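Worth knowing before you read on, the calculation uses all heavy atoms, side chains too, and leaves out hydrogens, waters and symmetry mates. Just so you know, these numbers come straight off a predicted model, no measurement behind them. Every chain is numbered from 1, with letters handed out A, B, ... down the list of sequences.
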Amino acid sequence: MPLVRLMRRPFFWILALAIAVFALAPVFGNNVALREALILDAVYITLASNLNLMLGYAGYINFGSIVFFGLGGYTCVWLVNSYHWPLGASLLVAGVCVSVLALIFGLGILRLRGAFFALATVGIVEAVQAFAENFTPWGGSSGIYLSGDIFTPLGGPARALWVIYFMMVAVMGLSLYLSYAIKSSKFGLGLLAIGQNEDAAAILGVPTPLYKALVYSASAFLPAIAGGLYFFKSAFIQPSDAFDLTLSTEALVVAMLGGQGTVAGVAIGAFLYEELRGYLLTSSMFANFQLFVSGALLLLIVLFFPGGLMGFIYRHFPRTQKVLE
Amino acid sequence: MKRLYLLAAAAAATAFAATSALAEDTITVGFTASLTGPLNVDSAGQQRGYEFWRDEVNAAGGIKVGGKSYKVKFVTYDDQSVGGRVQQLYTRLINQDKANFLFSPYSSGLTAPATVITEQYGKIMIDSGGAEEKPFETGNKYLFMVITSASHYLSGAIDALKKYDPHAKLALVYSDDPFSKAVLAAAAQQAKAAGLEVVMDESYSPSTTDFGPIVNKIVSSNADAFLGGGHYSDGATLARQMHDQKANMKWISILVAPADDKFAELGPAALGVTVPSQWELQVNFKPQFGPTTAQFAKAFMDKMHAKADYHAASGYTVGVVLQHAIEQAGSIETDKVAAALNATDITTFFGRVKFATDPGHHGLQAAHQMVLAQWQMVNGKLGRQVVWPEEAKSAPIMFPIKQQ
Amino acid sequence: MSVLLDLREVSKRFGGLQAVRNLSFDVRQGEILGLIGPNGAGKSTLFNLINGVFAPDHGRIIFDGIDITGERPYRVARYGLARTHQIVQPLTNLTVLDNCTVGACFGRKNLPLARAHEAAREAIAIAGLENRAAMLALNLTIAEKKRLELARALAAQPKLLLLDEVLSGLNPTEVEHMIGVVRRIRERGVTILIIEHLMQAIMGLSDRIVVLNFGQKLAEGLPAEVARHPQVIEAYLGDPKLAAELQGAG
Amino acid sequence: MLGVLASIIDGVLVGLVYGLAAMGLTLIWGVMDVINLTHGTMIVAGMFGLYGLASAVGAPPYLALPPVLIGGFLAGVLLYWVAVHRMVGRPPLMSLLSTFSINLMLIGLGTSIWGTALFNVEVALPGFSLGRYTFPGAHILAAVLAALIAASLYLFLQRSRLGKAVRAVANNREAAELVGIPTTRVLAITVGCGVAIAGVAGMLIGTLFPFTILSGDSYQLKSFVVTALGGFGNPVGALFAGIALGVLEGAVTPFVPVSWTLVIEFALFVLVLVVFPGGIFAARRGAL
């Protein structure tokens, strides 16, 4: 759907406003602690939104979304560290390379359906992590440490962290608009059809293998860039952090919590989940029980709000369905 | 609209929550600990060391600076053993909790990302849990390490082997993590320099659960001395399976796991296993500053209801070193304390502490020495004895390991 | 009349079962061709072979001058071949309109989204589902789901429509309605190949009939001819009720 | 050469236990399309059950088997009512979420009680030697027990009335309901059996290796691999696939650097999935 038509819908502007508030909130009062919390939110939102392209639209459960994030991180950090590329170029190359790789992976494993696909993606995470642990140019299991002066081109560490924050928010914003644009397009309709009934979709003329490979590849691009930014910011990357299966699982949980297949729901789900975890981690009351409390809260939500957050909102405020997508 | 409201509310909550007012005469020290996740055991030992120091200092009236005395206050969060959390939490410690000084999380993998933040804000961080050298080679100015770094972990074991069995055939089998790899890479070089033969040099994935085939491979390599391991469960499993499968090693050195008292659970499989240790109860250095080993061990036991291990001792030493530097500097200003740390050369019950000051290794430990401890039967119970270096030993070495 | 679909000696075997054997017939432009035969005669398999769900082991399938043998279903759909399913296959969590829009978008005309919506509404109107357009497909009744199948196939603006038992499970009123819809579709110039068990209906609807048994063609011809064909009667003797119906209809 | 043989035998022994563990997962998966993400933790629960009974009370380790079996069954039934029952009929894999939450709770609780400290159960059994290579008695006994339990499960599913009901529900739940099978109770029992088997497998693993509260992750991952290789919902396939995995680990180790074992294992896993989407042992799919 052309951009102009999207811009006529209120959701476009709601999204824009939300992203602007998100970007500017920590600027007031130079609130760096808030910035650090929000940048993790942005990472989760980016991961979950892109995962949602596969999960919510095409109906494929991907445990391997973290592979895109980690490989993007490695590519970017490696280019910056070994070849002294500028950050922007490294990020772009990371995004493109990982998307291409995803296309190749996708053509292989997208022949699988349902749980088989899900398991294959688990296998890919483990295989890629084990590979990175043995791959010497990436420092094997020791990973890559960046020296303190990598932040100099961005105006020193203090300024660099702000620059990285804004870039991350931009990546998050692009992810949300990408989900939104795909959902409102013919491509998106084809994906939704695949998600509902793949055989019927193919018989209706949806070119299923192509669409699946394309969306798998598309869902790799922004997470790869986010990974690049994230590990550049950490100035350190190692296989166990880059390919942490838990983060993939969390992204799935978040997308289901928010309401898979929706744009706003997934973003809010990611935001709330991460804020909740962050709060529990730093609250002295729950210090020893934070895992238990997060688990219990999640369970309650799963049991009593089956449609996810958006399902709940749609049911109780039916009018929102026209505005929030 | 709902979304906006939520965003704003959460932002406000994060911004205004926990504005800790800074009391007049307090020094705030911040760190994260791994309350959950795989690093939990080692991290807990270190944290107990930190806390014990704080309690001791406060009981003694605080740190004295120019006629004033400062009480020590801790702010600490759970980093879940995950690198990604560490940066968020250290930023929070510095900006929101206004920490004056920072201690390191446990492990090199978590210390490295934390360093990016502490250096950015020019805050001192003292490290006792990350032995890897790489973070010290990237030009940091405010990072200091009180423990011996990774490349010297097994120096003692190599020296001892050279003395007891110059013809030993070594199998180096270690976890695929940054710390273990750094330790064993250095050990391999030292072994070659000492004229020892390395017949197997391999790393395994940290998630390995069954070492059966690996032990068979060790047996096939004809090795009679084993150096390796890594972190917690893998090291213990290796020890047990070498024993179960009767690998008949004359010498076994395993990193980290045998330094914990729970290692005794392995029973006969633990007997004779040596572990490089930053510190043991039997080690006796004459402290210029702080308590003696005996005083420390007893007080720690009384207060924390746990036997002091090297993580606790090194954690405590972090505090002692900071306290010493502040008192020397006569100030709590970062630059003055950093200068005092650069000039530090003291011996505590933990051993001598002195930091490298050349830009290529700034902050790396330059003086502390490790010991080698061995699991032996003492009065019918398994316990650790210091067996190397010779001048520090508390019991004669058991060589070769007696198979039962 | 020109030939739209041409099957030449098509065979398909599943393990030990020869589902379709050396089958040849053609469907002519603009006609309604009925496909009948006892259960397990290979009718639905034949549909699956034509629209690419399975590839035949032998033989060729020519559609509108193009060899579509072994082409994937979505390619076949693009050439202008649409179908319905015996067991309905709605896209459950999409609205009726969206279901049909999918058909229109990815069918013969490959329409952009906005134009596809129009085409979908038109097809919905023909199928008589106007007041259900905004409903989720999963909330429809069985009869409505059958009509949705039809509307969705129609939205693709196909040259040839394969209808697989669109009348089964409907009550008499609904059957009447559906037959009307099928007639209206043919009037729009769409060629139809239809499988049906309701003899009365199919004999009345079809221009010609092809009878299958054990994957082979048993007879072919005008409805009245086929109904008198001795082998056909014999094939249906296993099912007296059907045989009686066949006689009655003929 | 002897070393290779020894590693392969080791692989068979340990593989039987992996296979048993995976049977617990595949049973639940096959019958009701639920991926039980507490599987790893249930394995660990079996280990701690063993530790509690053997080390704390001082009972012989293998006496822990019946209590672990019964405890696991009860825990499974509870898990069904808390986390799975409400998920039946929801969008596919919603149970992924609920079992994930339960797992967080269990791990959180376990970590705050025991930390990630190491536990070990000593089992002194005479082993068997082949040249310089020794197969510990505990490994042999664990393999034998795993095979016996797997065989009993197979017989239970094939022969008993209840087992047949389980298979009927797996095939077609609505049809089973129509012929009067109390499907809800059957589902609860299935989860009970799945968890009990996971627990027993954990108990057997506990006699082989030291463990921590987090040990379950690795075994859960292995169970996934085994389940996929063996075919979903195919307990017999799982047992063979477990042996295959164990043998692979054993056979590969002597020839390639140990650190590459996992790369090979998982790359092969993905490859097998793509080539044989029904699992290598799919021919025996009729087993359940």
Side-chain angles (χ1 to χ4, degrees), chain A residues 55 59 61 63-64 105 108-135 140-141 245-246 249-250 252-253 256-257 260-261 280 286-304 306-308 311, chain D residues 29-30 33-35 37 82-83 85-87 89-113 217-218 220-221 224-225 227-229 231-233 257 259-279:
Chain A
L55 174 79
I61 295 186
F63 277 101
F105 275 165
I109 63 167
L110 281 165
R111 299 172 20 168
L112 300 170
R113 300 260 183 104
F116 290 96
F117 176 81
L119 278 185
T121 59
V122 174
I124 285 183
V125 175
E126 296 298 318
V128 170
Q129 180 179 346
F131 170 80
E133 274 168 359
N134 286 288
F135 190 57
S141 56
L245 196 55
T246 323
T249 318
E250 278 182 330
L252 270 176
V253 166
M256 287 171 145
L257 266 185
Q260 43 173 303
L280 291 175
F286 298 116
N288 284 307
F289 293 99
Q290 50 97 357
L291 271 185
F292 181 82
V293 175
S294 336
L297 282 175
L298 261 180
L299 184 67
L300 290 178
I301 295 170
V302 174
L303 289 178
F304 299 107
Chain D
W29 198 330
D33 251 334
V34 166
I35 301 179
L37 285 185
V82 175
H85 183 66
R86 298 178 62 113
M87 298 299 135
R90 292 264 192 90
L93 302 194
M94 270 302 271
S95 51
L96 201 72
L97 274 182
S98 59
T99 52
F100 174 81
S101 324
I102 300 258
N103 196 47
L104 269 188
M105 291 166 70
L106 292 177
I107 289 285
L109 210 58
T111 314
S112 54
I113 297 173
D217 282 358
S218 319
Q220 179 163 314
L221 211 57
F224 277 152
V225 173
T227 298
L229 296 186
F232 293 86
S259 55
W260 283 92
T261 317
L262 272 190
V263 186
I264 295 172
E265 195 175 309
F266 282 104
L268 207 65
F269 164 61
V270 174
L271 204 71
V272 165
L273 262 180
V274 172
V275 180
F276 306 98

Next item on the list: Quick one: which of D:Val82, D:Val225, D:Leu221, D:Ile107 has the most heavy-atom pairs under 4.5 Å with chain A, could you say?
Entry: D:Leu221
Check: Nearest 0.5 Å, what's the CD1-CD1 distance between A:Ile61 and D:Ile35?
Finding: 6.5 Å
Note to self: With heavy-atom distances below 4.5 Å as the criterion, would you say the side chains of A:Ile109 and D:Leu273 are in contact?
What the structure shows: no
Next item on the list: Hey, could you give me the CG/CG distance between A:Leu245 and D:Asp217, rounded to the nearest 0.5 Å?
Entry: 8.5 Å
Checklist line | Minimum heavy-atom distance between D:Ser98 and A:Leu299, given as atom pair plus value | finding: O-CD1, 3.8 Å
Notebook entry, point to check: Which distance, rounded to the nearest 0.5 Å, do you find between the CZ of A:Phe292 and the CG of D:Leu106?
Noted result: 8.5 Å
Next item on the list: Measure across D:Phe100 and A:Val253 and return the closest heavy-atom pair with its distance rounded to 0.1 Å.
Entry: CD2-CG2, 3.4 Å
Notebook entry, point to check: Is there a side-chain contact between D:Met87 and A:Val302 (heavy atoms, below 4.5 Å)?
Noted result: yes
Check: Can you name the nearest heavy-atom pair linking D:Leu104 to A:Gly295, along with the distance?
Finding: CB-CA, 3.7 Å
Note to self: According to salt bridge (charged side-chain N to carboxylate O under 4.0 Å, His left out), who are the partners of A:Arg113, at least two apart in sequence or on a separate chain?
What the structure shows: A:Glu198, A:Asp199
Item checked: Value rounded to 0.5 Å, distance of CZ in D:Phe224 from CD in A:Glu126 -> 10.5 Å
Margin query: Let's test your reading of the structure: which of A:Arg111, A:Gln129, A:Glu133 forms the most heavy-atom pairs below 4.5 Å with chain D?
Written below: A:Arg111
Margin query: For A:Ala127 versus D:Ala267, what's the shortest heavy-atom pair and its separation?
Written below: CB-N, 4.0 Å
Next item on the list: Heavy atoms only: give me the nearest D:Phe266-A:Gly123 pair and the separation to one decimal.
Entry: CB-O, 3.6 Å
Item checked: Shortest non-hydrogen contact from A:Gly108 toward D:Val274 -> O-CG1, 3.7 Å
Notebook entry, point to check: Is it the side chain or the backbone of A:Phe135 that comes within 4.5 Å of chain D heavy atoms, both, or neither?
Noted result: neither
Check: Given the options D:Leu271, D:Leu262, D:Thr99, D:Val270, which has more heavy-atom pairs under 4.5 Å with chain A than any of the others?
Finding: D:Val270
